[in-house]
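A, B, ... follow the sequence lines: proteins, then strands. Residue 1 opens every chain. Predicted, not measured: the structure shown is a model, and the values here were computed from it. Values reported hereafter were calculated over all heavy atoms of this structure, with side chains retained and with hydrogens, waters and symmetry mates removed.
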Protein chains: 2
Amino acid sequence: MSTTHTTPTTPRTRDSRATREAVIAAATKLMRLHGYHGTSLDDVLRESGVGKGNFYYYFKSKEELGYAILDQLVADFLARTLEPCFADPEGNPIAQVHCLLDRVLEAQRGRHCVGGCPFGNLACELSDVHEGFRGRLAGVFSTWRERLTRAVGDAQARGLVTADCAPAAVAHFLVASLEGAILMTKLTKDISVMEQCVAEMKRYLASYEVTA
Amino acid sequence: MSTTHTTPTTPRTRDSRATREAVIAAATKLMRLHGYHGTSLDDVLRESGVGKGNFYYYFKSKEELGYAILDQLVADFLARTLEPCFADPEGNPIAQVHCLLDRVLEAQRGRHCVGGCPFGNLACELSDVHEGFRGRLAGVFSTWRERLTRAVGDAQARGLVTADCAPAAVAHFLVASLEGAILMTKLTKDISVMEQCVAEMKRYLASYEVTA
DNA sequence: TCGTCTGTACCGACTGGTTGGTACATTAAT
DNA sequence: ATTAATGTACCAACCAGTCGGTACAGACGA
């Protein structure tokens with residue numbers, strides 16, 4: 001598994017980026033299941049085949065690795081889940097929200113209800129205990145909500161949604177509900193929980209839509 | 001802080017129940033903040049003033065302590081949060097659901113957004129990692145949902161709620177949303193998040209109510 | 001074109017402290 | 001005098017992090 005000295009499985013490229021990324025990839029995978037505290041550095045090192053000395057060449061501490069993982073996760077989330085739904089500025093904003101809900105549902109199905117949401121997991125584990133992580137995670141969810149608030153606000157401006165709708169409150173509720181649904185799905189290991197929750201979220205949204 | 005050998009702050013009663021409960025109380029408090037993995041036995045022992053030998057007289061392992069905590073937590077939750085809302089079989093079921101939502105909101109306010117939901121926390125940390133805890137936690141949420149399903153079902157039977165309402169789906173969604181809202185409140189440390197989410201949940205419920 | 005020098009990339013043994021758990025002596029109540 | 005309850009010393013495994021050292025590529029002077 002690990003690249004022994006002479007055999008260049010990794011072609012001995014001395015590529016600084018490859019090692020870093022291998023560590024981050026392994027740690028992301030392990031921490032998604034076992035959490036931050038539940039994942040030891042040795043676990044990460046074993047999984048990635050990177051030596052301890054080398055690890056500390058790239059990362060100052062386990063904490064810094066955590067931040068690096070989070071940064072990577074945020075970039076992926078924005079590029080692969082959030083933005084694709086809201087790409088078209090002319091599209092129906094409510095349909096775009098539906099798109100997001102469906103994407104999250106399908107992601108859980110693809111993972112067979114294992115792993116949950118990495119942001120939610122870290123938020124749950126660290127919010128009360130590590131201010132640095134708390135702040136970064138709050139930022140992630142904040143940009144997520146911003147995206148939704150803008151969409152709902154657009155819909156309202158176009159008269160697709162009733163005037164008594166408070167876009168920011170809707171965004172807060174949707175994000176929270178999605179996180180809760182992911183958690184309950186991971187707990188029950190039953191994708192139908194997620195399906196029911198998404199369906200109810202759509203129904204909730206429909207209660208704001210202007211039908212006439 | 002800890003009761004040193006001779007000073008009977010705890011009046012040296014040699015009460016088997018007292019020691020057990022002191023351990024459970026201390027562990028409940030610590031684990032709510034730091035999680036199961038993040039709380040060491042020594043932390044619990046220090047906090048409760050119980051010696052290690054004594055601890056292992058009452059508990060087979062840390063895992064068994066976890067189960068004991070969970071049992072205690074479940075009993076408290078049923079008696080102090082869930083049942084009081086649904087006590088009156090004649091009452092308006094929808095009002096009873098509102099009562100529950102308000103109770104959860106006030107609990108978060110009282111805790112200053114710290115600690116989250118102990119069941120949600122454990123579910124997040126352990127669902128993918130410890131089948132024993134996963135099963136027990138799934139049970140807790142199952143009885144919680146049952147209570148809500150029954151209430152919504154009753155409301156439907158009385159014609160207070162539309163026929164297209166699926167009580168079990170509503171219950172799933174409410175519980176998930178509540179858990180998500182608690183998590184987001186713990187993350188943002190902002191009680192208004194919880195307030196907005198509860199308000200939206202009520203609005204969601206209203207979309208099912210028969211207004212005519 | 002050879003040798004040396006320098007900086008990056010990497011290794012695995014080791015450290016001090018913590019982990020969950022055990023062994024066993026001692027105390028207090030019956 | 002038993003026995004239930006408790007304290008203390010201890011253990012091996014594990015933890016994050018450090019250390020001294022190595023391998024090697026490219027730069028540079030001779």
Subject >> Partners meeting salt bridge (Lys or Arg N to Asp or Glu O under 4.0 Å) with B:D71 (sequence neighbours left out) >> reply: none
Original post:
Can you check the A:R46 CZ to D:dC14 C1' distance for me, whole Å?
Top reply: 10 Å
Original post:
In residues 25-44 of chain B, which residues come under 4.0 Å of DNA chain D by heavy atom?
Top reply: none
**OP:** State, yes or no, whether a side-chain contact exists between A:L41 and A:Y56 at a heavy-atom distance under 4.5 Å.
**Re:** yes
Original post:
Would you say the side chains of A:S177 and B:S177 form a donor-acceptor pair under 3.5 Å?
Top reply: yes
Original post:
More 5' along DNA chain D: A:K60 or B:G51, using each one's nearest nucleotide?
Top reply: B:G51
Original post:
Between C:dA9 and A:T19, is there an OP1 or OP2 to side-chain N/O distance shorter than 4.0 Å?
Top reply: no
Original post:
Which part of the nucleic acid, if any, lies within reach of A:K52 when heavy atoms closer than 4.0 Å are counted: base, sugar-phosphate only, or nothing?
Top reply: base
Original post:
Quick one: B:F55 CZ to D:dT6 C1', roughly how many Å, whole number?
Top reply: 14 Å
Original post:
Do we get A:K62 above A:Y36's six-membered ring, with its NZ or CZ under 6.0 Å from the centre and within 45° of the axis?
Top reply: yes
**OP:** Look at the side-chain N and O atoms of B:N54 and state whether any lies under 4.0 Å from the OP1 or OP2 oxygen of D:dA5.
**Re:** no
**OP:** Would you kindly give the CZ-to-C1' distance between A:F59 and C:dA9, to the nearest whole Å?
**Re:** 14 Å
Original post:
Mapping B:Y57 and A:Y56 to their closest nucleotides on DNA chain D, which lands nearer the 5' end?
Top reply: B:Y57
Original post:
So which pairs with a foot in residues 124-137 of chain B pass salt bridge (Lys or Arg N to Asp or Glu O under 4.0 Å), sequence neighbours left out?
Top reply: A:K189-B:D128, B:E131-B:R134
Subject >> B:Y208 six-ring centre to A:R203 NZ/CZ under 6.0 Å and within 45° of normal >> reply: yes
Original post:
Taking OH from A:Y58 and P from D:dG17, how many angstroms apart are they, rounded to a whole number?
Top reply: 19 Å
